[in-house]
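Notes for the one structure printed next.
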Amino acid sequence: MTEGTTSAAAEGADALTRLEQEGEIAADYLEGLLDIADLDGDIDMDVEADRASVSIISDTGTRDLQKLVGRDGEVLEALQELTRLAVHQETGDRSRLMLDIAGYRAKKRAELSELGAKAAAEAKSSGEPVKLRPMTPFERKVVHDAVKAAGLRSESEGEEPQRFVVVLPA
């Protein structure tokens, strides 16, 4: 191994350790939250796409956890931001942690990937740009990734909270 590969491997290991630490801090914070709310849930931690990923899952069904998701994931988004702040308070670094509760975000990701693929197919066949409904940053990212996977380009337009994705033909 050369010196450059050794330092790159060490940096990768350091980044993984930092992301695992973020996950641990987030898990502790969320366990406390579940205790306060008197809700049952197990915490699952992972590292995905250069960010810590924490999920709250339940063996007894997801009905109670739906309270933590809220309408259209609004409560989930707020809890994610609070969890990121808790991580920031402990580490001093900005966190890009991703939180999922009761599989909501995973299901949403699958739906949005399908939407992005359909919009890409429509843009290819019509030769016209396809504008989608306003979305959250998370939703737009998933759609952009799906469009890219389909071989097309997309961009975001508008101002929050009315920002939306436009799929561009080839």
Side-chain angles (χ1 to χ4, degrees), residues 1 4-117 132-150 154 156 160-161 163 165:
M1 275 187 156
T5 10
T6 305
S7 67
E11 285 178 23
D14 288 347
L16 181 61
T17 301
R18 183 181 51 77
L19 292 173
E20 288 171 344
Q21 178 189 18
E22 280 188 24
E24 292 287 339
I25 294 166
D28 290 344
Y29 175 79
L30 291 165
E31 289 215 3
L33 179 78
L34 289 173
D35 287 344
I36 290 168
D38 195 29
L39 295 172
D40 289 328
D42 295 321
I43 309 287
D44 184 34
M45 296 176 297
D46 200 1
V47 174
E48 299 173 358
D50 296 332
R51 65 171 56 185
S53 174
V54 179
S55 299
I56 301 175
I57 54 177
S58 175
D59 294 337
T60 61
T62 59
R63 185 151 178 83
D64 282 345
L65 292 181
Q66 288 302 320
K67 296 173 189 171
L68 298 178
V69 172
R71 192 187 77 194
D72 295 329
E74 290 173 340
V75 176
L76 170 60
E77 290 289 335
L79 287 173
Q80 177 175 277
E81 287 307 310
L82 289 172
T83 305
R84 286 177 174 175
L85 286 171
V87 170
H88 176 76
Q89 184 177 9
E90 287 284 322
T91 65
D93 295 326
R94 184 178 174 272
S95 173
R96 294 178 51 234
L97 175 127
M98 186 65 68
L99 175 63
D100 191 8
I101 299 174
Y104 175 83
R105 206 176 287 273
K107 179 181 168 199
K108 191 80 168 169
R109 181 177 279 127
E111 291 170 358
L112 290 165
S113 291
E114 186 177 328
L115 175 67
L132 301 176
R133 64 173 172 72
M135 299 178 185
T136 67
F138 162 76
E139 293 170 332
R140 289 193 310 270
K141 170 79 169 96
V142 173
V143 171
H144 285 305
D145 290 347
V147 169
K148 184 177 180 181
S154 58
S156 293
E160 294 292 352
R163 201 153 166 79
V165 173

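Heads up: numbering here begins at 1 and tracks the sequence. Being a predicted model, the structure only gives us computed values, none of them experimental.
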If every non-hydrogen atom of Leu65 is compared with every non-hydrogen atom of Ile101, which pair is closest and at what distance? O-CG2, 3.7 Å
If you measure from CZ on Arg96 to CG on Leu19, what distance do you get to the nearest 0.5 Å? 9.0 Å
Looking only at heavy atoms, the pair that brings Val142 and Ser113 closest together is CG1-OG, 3.6 Å
Closest non-hydrogen atoms of Ser95 and Val87, given as atom of the first, atom of the second and distance, are CB-CG1, 3.8 Å
Within the supplied structure, the quantity of interest is the number of heavy atoms (other residues, nucleotides, ligands) at a distance under 6.0 Å from Arg133 CZ; does it exceed 12? yes
Can you check whether Tyr29 reaches Glu90 side chain to side chain, under 4.5 Å on heavy atoms? no
Using every non-hydrogen atom in the two residues, find where Arg94 and His88 come nearest and quote the distance to one decimal. N-ND1, 3.7 Å
For the pair Leu97 and Val54, evaluate side-chain contact (heavy atoms from CB on, under 4.5 Å) and give the outcome as yes or no after the intermediate values. CA-CA 8 Å; Leu97 175 127; Val54 179; 3.7 Å; yes
Pairwise side-chain contact, Arg109 with Lys141, heavy-atom cut-off 4.5 Å (strictly under): no
Going through the checks in order, is the side-chain contact (heavy atoms from CB on, under 4.5 Å) test met by Ile25 and Gln21? CA-CA 6 Å; Ile25 294 166; Gln21 178 189 18; 3.9 Å; yes
Is the shortest side-chain N to carboxylate O distance from Glu139 to Arg163 below 4.0 Å? no
Closest approach of Pro134 and Pro161, non-hydrogen atoms and distance? CB-O, 3.8 Å
Heavy-atom pair with the smallest gap, counting every atom of Met135 and Glu160: O-OE1, 4.4 Å
Does Ile57 offer a backbone N or O that forms a donor-acceptor pair with the side chain of Ser55 under 3.5 Å? no
Quick check: does any side chain N or O of Asp100 sit under 3.5 Å from a backbone N or O of Ala106, one acting as donor and the other as acceptor? yes
At what distance, to the nearest 0.5 angstrom, does CD1 of Ile36 lie from CD of Glu31? 12.0 Å
Between atom CG of Leu99 and atom CG of Leu68, what is the distance when rounded to the nearest 0.5 Å? 9.0 Å
Quick one, Val47 with Glu20, criterion side-chain contact (heavy atoms from CB on, under 4.5 Å). Give me CA distance, side-chain angles, the key distance, then yes/no. CA-CA 7 Å; Val47 174; Glu20 288 171 344; 4.2 Å; yes
When rounded to the nearest 0.5 Å, the distance separating CD1 of Ile43 from CG of Asp28 is 9.0 Å
Can you tell me if CG on Asp35 sees more than 12 non-hydrogen neighbours from other groups inside 6.0 Å? yes
Is the closest side-chain donor-acceptor distance between Ser154 and His144 under 3.5 Å? yes
Roughly how far, to the nearest 0.5 Å, is CG of Leu30 from CD of Gln80? 10.5 Å
Return yes if some donor-acceptor pair links the side-chain N/O of Asp14 with the main-chain N/O of Arg18 below 3.5 Å, else return no. no
Quick one: does any side-chain atom of Arg140 pair with a main-chain N or O of Val165 as donor and acceptor, under 3.5 Å? no
CG-CD distance between Leu76 and Glu81, expressed to the nearest 0.5 angstrom: 10.5 Å
